[in-house]
Structures are given as structure tokens and as C-alpha cells.
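First up is the structure itself, then whatever we jot down about it.
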Amino acid sequence: MSERVAPAGVLLAAALIALGGCAAGSATLTQAPEATGPDLVRDVGPFPFVSLDGESLTQPFLGGFNVPRPQYVDIDADGDLDLFIQEESGMLRFFERIGDDYVWQTDHFQDLDIGEWYRFADLDLDGDQDLLSEQRFSHIRYFRNEGGAEMPRFELVVDTLMMADGTPLFSDRQNIPNVADIDCDGNLDLFVGLVTGMVKRFESVGYDDQMVPRFQLVTDRFEDIEIIGERQSRHGANTMTFGDVDGDGDQDLFWGDFFEAGILLLRNRGTCAQPSMRGEPSPFPLNEPLETSGYNAPATGDVDGDGDMDMAVGVLGGAFNANSSTVENLYFLEHTDEGDFEARTSRLIPMLDVGSDSVPRVFDVDGDGDLDLTVANKILPDDNSAGRVYLWENTGDASSPSLMGKGFIALADTFHQTVAPGDLDGDGDIDLLVGKWNRDVAYFRNDGDGYTHVAAKYLQLTRGSNSSPTLADLDADGDLDLVIGEASGTLNFYVNNGSAEAPDFQLVSDEWLDIDIGRRSVPTFSDWDGDGDLDMFVGSELDGVLMFENTGSATMPTFEARGALDIPTPVLAAPEFADLDGDGDEDLFVGGVSGGLYYFERR
């Protein structure tokens, strides 16, 4: 699955900075005219890929999930339920149901800005799905479907739904509301959860002249519900959805809460016309209650078409160690013939996902002449003591890659490792510098049968944290120089005053070229324009991958700011260029906060 995006965007720099007096010669950062470059095409499944668990994945490069908020919707009226997932604020991912699979279509469905939450519902009762979402901060937007059931097209009608008396409806942005005709009277009811653990119920009382529904408050304490977390006796951010769990024709209520490790079921013991949900909530499923890190977001629907209700559950991470659910966080619960619910998977959309803050590096790990993939993470989901660097070995060849999960590379027991591969001792194999969560950079020598830990503090930044090193021969003198990013967003440049066999890295500047990308700089180099010198790219926390073109030469670099590459990137973007498919140009991997990778092929 591919998505074409435009060439590099442009953001001109105004500063002219020169660095002199170092063995590498000089480098400058100057204002430049508009850059051009080849297209980058996003592809979520470019080549064969096997997970660390041995599963063949067709869509490995989806970017990972940390806080997936799902909803089942037959958005194209083809008779099956498609899947929408919100992972980032303001953006809605769409997976179309094709056969038995959910096939990725886009990370930003129709470019809709949905704020912190979304709900599809037929608001105007015309037979197709409309959309409610958050209007910053904590009001309710209404997008009407102007395209129809089979070819939906959503247009913003109002940015704030109103009460019948003209006052705005308020829905706290950390709670996810829902819509249902709870009393089967033909009028939609809107339910808004409160951080107090209670629920407000509003009912539609007609439409304005734009056919926008108006709501009236029915009660600010629906069914006397007050959810208090069993373990911590607290209430907090919440989610809710409705579904007919027992097939009796009325809607039951499912509740997730920040201080609740599972999902709570409030069964409707009344009728469709006269609902009654009073009584103690029950952990769900009744046969084997789900327990996660908390703040669970359920979504109901007859997924398998057997006439009963199934459920997806996104784990947003609550009071019970949110780090433990950075990988296992999208459950599918199937309603069995026996009436029970069975958890079939905790990763409904399988993909490469190492937890959080992924950083890719591509190099020949095993010395067989082709490129392998490593991905580091911030911290292990099942062990809070350290992060890890995972390995996918290329079992294909230099022109036809096939990546096989092989476990991990045993390095330092520390958090947030960022690997910088390079031959540091001139013996023909790849050694590693390893950045850490603090300001240390460790050195691991490749001795042919593994990595030897030479020095835990081979280098230290002058300040800051999250050291992110990369090695490159910036002055074309035959040895590797060093650039290190850090949490503050600046760059540290070390020139190699030694040799290829015995490097001697000397700090030139801890604010190199006066570059400051805001936060979390992650540098890498690639000959983007094919002119024989290295251009620089810097990942950032919020501004994507920034390009600095070398318009000087291989021996005397001059870096000109080109702004962010015009591609979709995650928060905490961590770029890596590599010619994995052997076609003569370097493609782009980008890691990010959700623990997966984006892949872009250059064409």
C-alpha cells in the first residue's frame, strides 16, 4: 500500500554562520533558494517482513500504536465493518475491511481535524454516517456527510453544537462521549462522561435551519451512575460506548476509566423503550474480565457477521503502568457461540512496534554484504529497567530485501539507546557508538562474534540529555566525524583529529551552526541530491524531518536550511536513510513516539 507525497518543502534560514579553525575545514549554514528533490512515496508493505514473533506482516510500517481509540463503522455501505483509529491528536486513521483483513488507506481521513476524540453517528437520520469530534477546547464539532452512504464526504457544518436555548454544549476533551437512541423514540441521545464518574444525558429536540441537531439536557446524572475505580477509589478520564451485549434488543453501556484496569458493563435491565441501568457495574467480559494498564476505549459491532456483538478495545494507558501497554494495546474480543467473549488478539492490526520512541538504523549487522534493520526503543514494555535495540536480519539480498525478526542486540542496560554504526577501528566491520537517555555516549567494538563494551562514557555531552549520535565523514578525509543531537534541539559537532583506525573526536561546538530545532534533535546524513557530498537531516519532536542541503563540497560543506520534508511524520521523528532495495538511491525510514516506523521509497 503506497501513498505519494510531494518533494521537500522549503523554509529559508536567515542566519549565516561560519565555523573555522578545525581539522574538518569550515561548514556554513546559509540562506538558500528553493530546493528540489525526488518524490518520496510512503509504502506500508514494501517487501517481505517477519515480526520478532515469527509472523509474516503485510503492513509492517504503519508507525505503531500507543493510545489507539477505535470505532467500527461501515463507512462505504458494503456490508462489513471498517475500522477507524485515532492515535494522534487531530488525525483519524482509516482501515478498510477487505475480506478478513483491515487494509490501511490513510493516516488522515479526508484531512479532518478531529481534535482529541471522534464519534461517527447518523446525526441527521438520512441513512449515512455523520461525524462528531472535539472543537478545541472541549466543545463539539459537527461534520455532515454530504456524499452519501457509499461515497462519504464530510463537511464541517458547525464548530460548536448548541443546546436548545442556544448555549454551547460542553464535553471535557479527556473524556470520549457517545451517541445512541437509548429509549428507542427516534431521537438521538448524546451522553457525556464527567471526570466525577457520572454521565450527562442530552436528547435531540429538533434541528435548526441548517439541519443541525439541537440538544436539551435530560439529566446530569444518568441512571445515577457514578463510576469509582475499584483499586484506587478514584474516578477520572473516561470512555463509553453502547452495544447490545445480550441480544435482547436494547442498548447496554460499556465504560472505561483512567482508574479502572478493565471495562465495566452496565447492563440494561429494562427495555428498549424504558432503559434501566441501575445497579453495580460488572467487569467485562463476565467470563474472563480484561485487565490492562487502564483507560480502555471499547468499540462494539458485529465484526464477523454472525448476528451478535463483538468488541475492539483500545488501551489508552491509565493508572496501572501505562508503559506496559505500548505494544499490546488493541484487543479484539469475539462473542462465541457459547455466549462468552474471548480475547483473540491484543494486536488487532499487526505491525512493527517496539513500544515507544523508536529510532531506526540500517547497516550490515552480520557482515554478509546486505543491509539489516535495527530499531531501538525508549523502554521495554515488560521491564522498566532499560530499553533495547531490536534486529531484523535481511535474509534476501542487496537488491531484494526480506527482513526477518531475530531478537535484539545485547548492548547497554540503559534507556533510550540510539545506535550510530561505523567502522571505528579500520578492521572492515561495523562498530557502534550508542547514545543514551542521559548525556553519555558508549562505545561497542565489533570483534566478529559480538560487540565488546569498550567504554560506557566514551563521550559525554557538555549538557542536556537524550544523546543521539550519528557518524559521517564530513570532510572527506577518510575517517568518521561525529554529530550528536540532544533533548534541547541543538547539535554537537566533533571532528575526528585521529584516523580511521584510531579516532580522536574533539568537540568543535555544542551549538553547531546555531541550529536549534526546538526539541529532540536526531541527525543523520545522506547524499540527497546525488552530487557527491553529504546533506544533513534532523528529526525533531514536532516539526518533522528538517533538511539542510550541502551546497558546498565533500571537503568543505556548506549547509543551507531547506525546512521540513513534505511528508507525514510522527511526533519525535527519527530519520534514517538507506538503499535497502539496491536501486541506487537511499529510501527513508522514520521512527517516532508510537514505537513503529514509516517507510518512504524514493522514486
Side-chain angles (χ1 to χ4, degrees), residues 68-97 102-135 139-161 169 171 173 175-182 187-193 202 204 207 211-213 215 239-244 251 253-254 256 297-303 309-314 316 330 332 348-349:
R69 287 148 279 185
Q71 186 177 356
Y72 287 117
V73 183
D74 184 6
I75 199 64
D76 48 12
D78 64 352
D80 56 30
L81 291 177
D82 307 299
L83 183 62
F84 287 86
I85 296 174
Q86 182 180 15
E87 171 71 8
E88 302 91 355
S89 176
M91 297 177 65
L92 186 57
R93 302 188 186 193
F94 171 43
F95 295 83
E96 183 180 0
R97 182 72 180 265
Y102 290 104
V103 180
W104 173 84
Q105 301 297 330
T106 180
D107 277 357
H108 202 173
F109 180 67
Q110 296 192 12
D111 291 328
L112 299 173
D113 182 356
I114 59 170
E116 291 300 314
W117 59 265
Y118 72 101
R119 286 297 188 194
F120 287 98
D122 186 1
L123 272 297
D124 53 8
L125 304 179
D126 65 350
D128 56 35
Q129 296 291 320
D130 306 301
L131 180 64
L132 297 180
S133 73
E134 188 220 9
Q135 166 68 25
H139 292 296
I140 302 176
R141 285 179 176 173
Y142 172 38
F143 295 89
R144 186 160 50 222
N145 185 348
E146 301 287 7
E150 296 181 0
M151 297 289 289
R153 187 184 76 256
F154 292 91
E155 294 184 5
L156 180 64
V157 181
V158 294
D159 59 12
T160 307
L161 284 183
L169 260 169
S171 177
R173 67 197 317 245
N175 305 321
I176 303 179
N178 217 316
V179 176
D181 181 6
I182 195 64
N187 297 319
L188 289 177
D189 302 285
L190 172 66
F191 296 86
V192 176
F202 303 84
S204 173
Y207 298 84
M211 287 302 295
V212 176
F215 289 90
T239 69
M240 74 176 82
T241 195
F242 293 89
D244 187 0
Q251 295 292 302
L253 174 62
F254 299 89
T300 62
D302 182 7
V303 176
M309 187 204 84
D310 307 299
M311 179 180 285
V313 180
L316 309 188
L330 188 57
F332 174 64
L348 179 55
I349 306 293

Sequence neighbours excluded, which residues qualify as side-chain contact (heavy atoms from CB on, under 4.5 Å) partners of Glu116?
-> Arg69, Ser89, Glu134, Arg173
Do you know the tightest heavy-atom contact between Gln129 and Val73?
-> CG-CG1, 3.6 Å
On a heavy-atom basis, the closest approach of Met240 and Asn178 is O-ND2, 2.9 Å
Tell me, please, which residues at least two apart from Tyr72 pass ring pair (Phe, Tyr, Trp, His ring centres under 6.0 Å).
-> none
Judged by atom type as modelled, is there a donor-acceptor pair below 3.5 Å linking the side chain of Asp82 to the main-chain atoms of Ile75?
-> yes
Tell me, do Pro213 and Asp124 make a side-chain contact under 4.5 Å, heavy atoms counted?
-> no
Among all residues two or more places apart in sequence or in another chain, which pass the side chain to side chain donor-acceptor pair (under 3.5 Å) test with Tyr102?
-> Arg97
Hey, does Leu330 have a side-chain heavy atom less than 4.5 Å from the side chain of Val313?
-> no
Hey, what do you get for CD1 (Ile176) to OG (Ser171), rounding to the nearest 0.5 Å?
-> 9.5 Å
Identify the two heavy atoms, one from Gly127 and one from Asp122, that lie closest to each other, and give their separation to 0.1 Å.
-> N-OD2, 2.8 Å
Please name the pair of heavy atoms, one in Leu188 and one in Asp181, separated by the smallest distance, quoted to 0.1 Å.
-> CD2-N, 4.3 Å
Is there a side-chain contact between Ile349 and Phe95, using heavy atoms and a 4.5 Å cut-off?
-> yes
Heavy-atom pair with the smallest gap, counting every atom of Gly148 and Asp128 | CA-OD2, 3.4 Å
Using side chain to side chain donor-acceptor pair (under 3.5 Å) as the criterion, list what pairs up with Gln71, not counting sequence neighbours.
-> none
Just jot down the side chain to side chain donor-acceptor pair (under 3.5 Å) partners of Asn175, sequence neighbours excluded, or say none.
-> Asn238
Rounding to 0.5 Å, atoms CZ (Phe215) and CZ (Phe202) come to a distance of 9.5 Å
With sequence neighbours left out, what residues match Asp310 under salt bridge (Lys or Arg N to Asp or Glu O under 4.0 Å)?
-> none
Compare all side-chain heavy atoms of Leu132 with those of Leu161 and state whether any distance is below 4.5 angstrom.
-> yes
Could you tell me which non-hydrogen atom of Phe84 sits nearest to which non-hydrogen atom of Tyr118, and how far apart they are?
-> O-OH, 2.9 Å
Side-chain contact, heavy-atom cut-off 4.5 Å: Leu169 with Thr160?
-> no
side-chain contact (heavy atoms from CB on, under 4.5 Å) assessment of Phe120 paired with Leu92 | CA-CA 12 Å; Phe120 287 98; Leu92 186 57; 3.9 Å; yes
In chain order, what residues pass the side chain to side chain donor-acceptor pair (under 3.5 Å) check against Asp130, with sequence neighbours excluded?
-> none
Could you pull out all residues at least two apart from Thr300 that satisfy side-chain contact (heavy atoms from CB on, under 4.5 Å)?
-> Thr241, Phe254, Met309, Met311
Who passes ring pair (Phe, Tyr, Trp, His ring centres under 6.0 Å) against Phe191, sequence neighbours left out?
-> Phe222, Phe242
With no hydrogens and no angle check, is any side-chain donor or acceptor of Asn145 less than 3.5 Å from a backbone partner on Ala149?
-> no
Quick one: salt bridge (Lys or Arg N to Asp or Glu O under 4.0 Å) partners of Arg93, sequence neighbours excluded?
-> Glu88, Asp107
Would you mind reporting whether Ser133 and Leu112 have side-chain heavy atoms less than 4.5 Å apart?
-> no
Got a sec, which residues hit ring pair (Phe, Tyr, Trp, His ring centres under 6.0 Å) with Phe143, two or more places apart in sequence or on another chain?
-> none
Measure the shortest side-chain to side-chain distance between Ile114 and Leu131 over non-hydrogen atoms and say whether it is less than 4.5 angstrom.
-> yes
Would you check if Asp76 and Glu96 make a side-chain contact, meaning some heavy-atom pair closer than 4.5 Å?
-> yes
For residues 140-155, the salt bridge (charged side-chain N to carboxylate O under 4.0 Å, His left out) pairs (sequence neighbours left out) are Asp113-Arg141, Arg144-Glu146, Arg153-Glu155
